[in-house]
Q: 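The structure's right below; bear with me while I get my questions together.
Read the numbers this way: they start at 1 and go in the same order the structure lists the ligands and their atoms. Count residues from 1 along the sequence. Keep in mind it's a predicted model, so treat the numbers as computed, not measured.
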Amino acid sequence: DKGNHRHFMQKEIYEQPVVVAQTLRAYLRRMENEVAMPDMDFDLGAVRRITIVACGTSFYAGMVAKYWFEKFARVPVDIDVASEFRYRDPVLEKGGLALFISQSGETADTLAALRHARAADQIIAVVVNVPTSSMAREADLLLPTHAGPEIGVASTKAFTCQLAVLAALAANLARAKGLLTPAEEAEIVWHLSEAPAAMNEALGHDGEIEAMAHLIAPARDVLYLGRGPDYPMALEGALKLKEISYIHAEGYAAGEMKHGPIALIDEAVPVIVIAPSGPLFEKTVSNMQEVQARGGKVVLISDAEGIALAGEGCMATIEMPKVHPLIAPLVYAVPVQLLAYHVAVAKGTDVDQPRNLAKSVTVE
Ligand code: F6R
């Protein structure tokens, strides 16, 4: 039931504050100011390497998590798409943690990769939205997302719930490694708890984003740029746009522009820059200005501070609330999804069932 929404995708975008809060409740003890995990029969603090494997949007959630695991828990992380991982003969030290991320829990390549890791004596952790799925059944550590059934083929609420679980896992890992003081842990709990309200605020910009869809809809190509955890968000933005609006889109690490893709820039290529204010902001803005100097039309997604510093000269800006960097990917997912959604609606494509795509990819 779509309720009063036009599409399942739109409904699922709007459900995010509620389902992310629901998911966080399973991984945070608010009263104690602690992060929490289900019981496990291995020592999380002894994990020395993490291998993340997933496909599509779930892979991008994993890419964001890599920044968190390295930053908070100082654990080296390897990440690959399942279709590559399963055939490349990866070097897996016995006792490593292999982490699989999947909405459906049935994606053929990810499931095969899981069995490959099992055979290589890895501890198997899975982040899945379907608790009865094959991946859930084969896990040593099951970390469910509580997004509820996701009907739209383009993943939205499952993605932000994956991010919520992965952020909590990063904090748990950091604590198990003795790298988190109680005060730091309390701060993480506090910031994560703020995510649903900030996502709600982001949804408040829906009308504005709808109004700018006509700026993107006629484009043949669109670029998305970001740095740090916003780099995978750029990849996710491009994937969302291409899969539902059929516009060719690419996500790039902002610093890679000058190594090739900047040759594509002209007035006809809109460039979506995902850049919350913070330590990486200046760097991304200088890449953005290189784009503008070549006639590129920029849509800047940032907060008030970022827009005040760099919004001038942009074709459009989308203002997000000022949030802690840890929760920025959850909040910035919202405008990225809404932009793809409204461009697709403007183009009249089948938003919930894009051509050639299946919700669950159970064949290789
Ligand atoms: C994109 C999308 C796909 C899935 C991918 C993995 O919007 O939905 O890229 O993310 O097929 O599916 P799961 O997460 O079920 O393994």
Q: Please check: side-chain N/O of E150 versus main-chain N/O of K157, any donor-acceptor pairing under 3.5 Å?
A: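 Side chain of E150 to backbone of K157: a pair is present.
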Q: Please determine whether any non-hydrogen atom of V153 lies less than 4.0 Å from an atom of ligand 1.
A: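 Under 4.0 Å: yes for V153.
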Q: So, regarding S58 and ligand 1 (criterion: nitrogen or oxygen to nitrogen or oxygen, under 3.5 Å), is there a contact or not?
A: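 Yes: some nitrogen or oxygen of S58 is under 3.5 Å from one in ligand 1.
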Q: Going by the side-chain contact (heavy atoms from CB on, under 4.5 Å) test, name the single residue among D206, T160, T156 that passes it with I13.
A: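 So, applying the side-chain contact (heavy atoms from CB on, under 4.5 Å) to I13 and each of D206, T160, T156, only T156 qualifies.
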Q: Could an N or O of ligand 1 be found under 3.5 Å from any N or O of S155, whether backbone or side chain?
A: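 For ligand 1, there is an N or O atom that lies under 3.5 Å from one belonging to S155.
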Q: Can you tell me which portion of E106 lies within the under-4.0 Å heavy-atom range of ligand 1? Options are side chain, backbone, both, or neither.
A: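 For E106, no heavy atom sits under 4.0 Å from ligand 1.
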Q: Would you mind checking which non-hydrogen protein atom is closest to atom 12 (O) of ligand 1, with the distance to 0.1 Å?
A: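 Of the protein heavy atoms, T107 OG1, 3.5 Å lies nearest.
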Q: For K240 and ligand 1, answer yes if some heavy atom of the residue is under 4.0 Å from a ligand atom, otherwise no.
A: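 Per 4.0 Å heavy-atom rule, K240 contacts ligand 1.
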Q: Under a 4.0 angstrom heavy-atom cut-off, which atoms of ligand 1 come close to S102?
A: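 It comes down to these atoms of ligand 1: 13 (P), 14 (O), 15 (O), 16 (O).
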Q: I need the contact type for T57 against ligand 1. Using non-hydrogen atoms and a strict under-4.0 Å cut-off, is it side chain, backbone, both or neither?
A: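 Under 4.0 Å from ligand 1, T57 contributes backbone and side-chain atoms.
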Q: Tell me whether C55 reaches ligand 1 (any heavy atom closer than 4.0 angstrom to a ligand atom).
A: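 So C55 counts as touching ligand 1.
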Q: Could you tell me whether the side chain of D266 and the main chain of G295 form a donor-acceptor pair under 3.5 Å?
A: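 Not at all, since once roles are kept as given, no pair shorter than 3.5 Å links the two residues.
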Q: Among V334, V336, V273, I307, exactly one meets side-chain contact (heavy atoms from CB on, under 4.5 Å) together with I301. Which residue is that?
A: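 Passing option: V336.
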Q: Taking S193's backbone N and O only, do any of them form a donor-acceptor pair with R30's side chain (distance below 3.5 Å, no angle check)?
A: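 Here the side-chain-to-backbone pair does not exist.
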Q: Nearest to atom 11 (O) of ligand 1, what protein heavy atom do you find, and at what distance?
A: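 So the nearest neighbour among protein heavy atoms is V361 CG2, 4.1 Å.
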Q: Considering only the protein, which heavy-atom contact is closest to atom 15 (O) of ligand 1, and what is its distance?
A: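 Closest protein heavy atom to atom 15 (O) of ligand 1: S104 OG, 2.7 Å.
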Q: Quick check: does any side chain N or O of R48 sit under 3.5 Å from a backbone N or O of G96, one acting as donor and the other as acceptor?
A: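 No, because the side chain of R48 does not come within donor-acceptor range (under 3.5 Å) of the backbone of G96.
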Q: State, without any angle test, whether E106 and S134 hold a side-chain donor-acceptor pair at a distance under 3.5 Å.
A: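 Distance-only check passes for E106 and S134.
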Q: For atom 7 (O) of ligand 1, grab the closest protein heavy atom and report residue, atom and distance to one decimal in Å.
A: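 That would be E243 OE2, 2.4 Å.
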Q: I'd like to check the ring pair (Phe, Tyr, Trp, His ring centres under 6.0 Å) partners of F8; sequence neighbours left out, ordered by chain and number.
A: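 Expected list: none.
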